[in-house]
There are 2 protein chains.
Amino acid sequence: MTYPHERFAVKAACDLNEKNVSCCPVERLLGVVSGQWTAYLLWVLHQNGPQRFGALQKLIPGISTKVLTERLRMLEASGLLLREQAATIPPQVTYSLTPRGLELRALMDGLGDVARRWDAEGWRPPVR
Amino acid sequence: MTYPHERFAVKAACDLNEKNVSCCPVERLLGVVSGQWTAYLLWVLHQNGPQRFGALQKLIPGISTKVLTERLRMLEASGLLLREQAATIPPQVTYSLTPRGLELRALMDGLGDVARRWDAEGWRPPVR
DNA sequence: TAAGTCACTTACCAAAAGGTGCCTACTTAC
DNA sequence: GTAAGTAGGCACCTTTTGGTAAGTGACTTA
């Protein structure tokens with residue numbers, strides 16, 4: 001079944017993964033989560049629970065609506081995110097982690113731990 | 001003590017930031033690690049131990065010398081990788097994880113676990 | 001003498017990714 | 001009667017990225 005909102009961005013979602021159709025499991029998983037903003041988006045959802053589109057934009061300063069939409073579609077198509085639309089006016093769309101998405105919990109927690117520790121140590125990425 | 005949105009000062013700091021210098025620790029860490037090939041490169045080094053340039057090319061089929069070089073330089077500048085060059089002819093360059101790079105061990109192991117489990121379950125990224 | 005080795009570097013080009021502004025639908029609030 | 005609010009879609013354009021091919025140095029091997 002195809003929903004109206006899928007017209008745009010499903011192709012984009014697939015493009016992000018085109019190269020990972022046949023490869024090792026780790027490479028395949030990384031193909032989904034290692035794009036720009038993607039892992040951070042998942043982390044934000046792990047930290048803050050289900051969020052609406054507008055809330056995600058505020059939680060991820062700097063992301064454009066285009067990219068946010070693409071990432072949400074792609075993660076939904078990957079089975080990590082659930083999109084629920086309330087038929088209200090204006091519409092309310094809520095994104096939450098699926099059970100599979102929640103399986104990343106340990107990874108996300110570990111990510112936060114390392115990030116906070118290194119930050120406290122004053123670690124900074126190289127200036128490009 | 002959540003990041004990055006819950007506090008005015010933090011949000012302001014985010015907004016004032018140049019786009020390369022992210023304020024949230026998780027965002028900063030992901031900025032280094034989440035480029036194409038980057039996390040996979042780290043995973044390969046975790047799995048296989050120190051490797052020479054040519055060996056990495058074989059362990060990561062499909063990566064070009066240009067991108068492999070760029071990623072290695074970037075991770076070296078980030079303090080995650082150590083580059084050791086033997087002054088032989090032809091030169092022998094070996095890349096290994098620094099102590100900081102080794103701090104990602106738990107994350108890499110978790111990554112491998114999830115990837116293998118999902119793979120065994122038949123999970124696949126979305127394809128056109 | 002020529003070719004091969006290793007780890008790149010550089011230049012060039014095509015493709016992909018991302019930003020921006022404008023647009024939609026519909027109702028409620030001013 | 002007009003503005004605001006929600007969740008995007010779409011077209012256009014610029015920036016970024018990645019691949020390819022060719023070259024480098026200094027020595028060894030055929």
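Rounded to a whole Å, the CZ atom of A:F53 is 11 Å from the C1' atom of D:dG9. In this entry the distance linking NZ of A:K66 with C1' of D:dT15 reads 12 Å, nearest Å. When rounded to the nearest whole Å, the span between CZ of A:R73 and P of C:dA17 equals 17 Å. Protein atom CD1 of A:I63 is 9 Å distant from nucleotide atom P of C:dG18, rounded to whole Å. One atom, CG of B:L56, and another, P of C:dA7, lie 9 Å apart when rounded to the nearest Å. Following rounding to the nearest Å, A:M74 (CE) and C:dG18 (C1') show an atom-to-atom distance of 15 Å. Between the CD atom of A:Q57 and the P atom of D:dA7 there is a distance of 9 Å, given to the nearest Å. Rounded to an integer number of Å, the gap from CD of B:E70 to C1' of D:dG18 is 8 Å.
Panel note: side chain B:T94, backbone B:E84; no donor-acceptor pair is recorded below 3.5 Å.
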Using the side chain to side chain contact (heavy atoms under 4.5 Å, CB included) rule, take A:Y95 and A:L75 through it: C-alpha gap first, then chi angles, then the decisive distance, then the call. CA-CA 10 Å; A:Y95 294 91; A:L75 291 173; over 6 Å; no
Could you walk me through whether B:L81 and B:L42 pass side chain to side chain contact (heavy atoms under 4.5 Å, CB included), step by step? CA-CA 9 Å; B:L81 247 54; B:L42 287 172; 4.0 Å; yes
Walk me through it: do B:L45 and B:Q51 pass the test side chain to side chain contact (heavy atoms under 4.5 Å, CB included)? CA-CA 7 Å; B:L45 282 168; B:Q51 297 290 324; 4.2 Å; yes
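For A:Q36, whose side chain is taken as the heavy atoms from C-beta onward, the closest listed nucleotide among D:dG18, C:dC8, C:dG18 is C:dG18. Comparing C:dC8, D:dG8, C:dT5 against the side chain of A:Y95 picks out D:dG8 as the nearest. For A:V93, counting side-chain heavy atoms from C-beta on, the closest listed nucleotide (D:dG19, C:dC6, D:dA7) is D:dA7. Checking C:dG18, C:dT9, D:dG8 against the side-chain heavy atoms of A:V67 singles out C:dG18 as nearest.
Using a 4.0 Å cut-off, no side-chain N or O of B:R52 falls inside it from OP1 or OP2 of C:dC6. The shortest distance between the side-chain N/O atoms of B:R71 and the OP1/OP2 oxygens of D:dG18 is below 4.0 Å.
Two residues, A:Q92 and B:P91, neighbour DNA chain D, and the one matched to the more 5' nucleotide by heavy-atom proximity is A:Q92. Between A:I89 and A:G35, it is A:G35 whose nearest contact on DNA chain C lies nearer the 5' terminus.
Heavy atoms of B:Q85 sit nowhere under 4.0 angstrom from any nucleic acid atom.
Between the side chains of A:R71 and A:T38, at least one donor-acceptor pair of N or O atoms lies under 3.5 Å.
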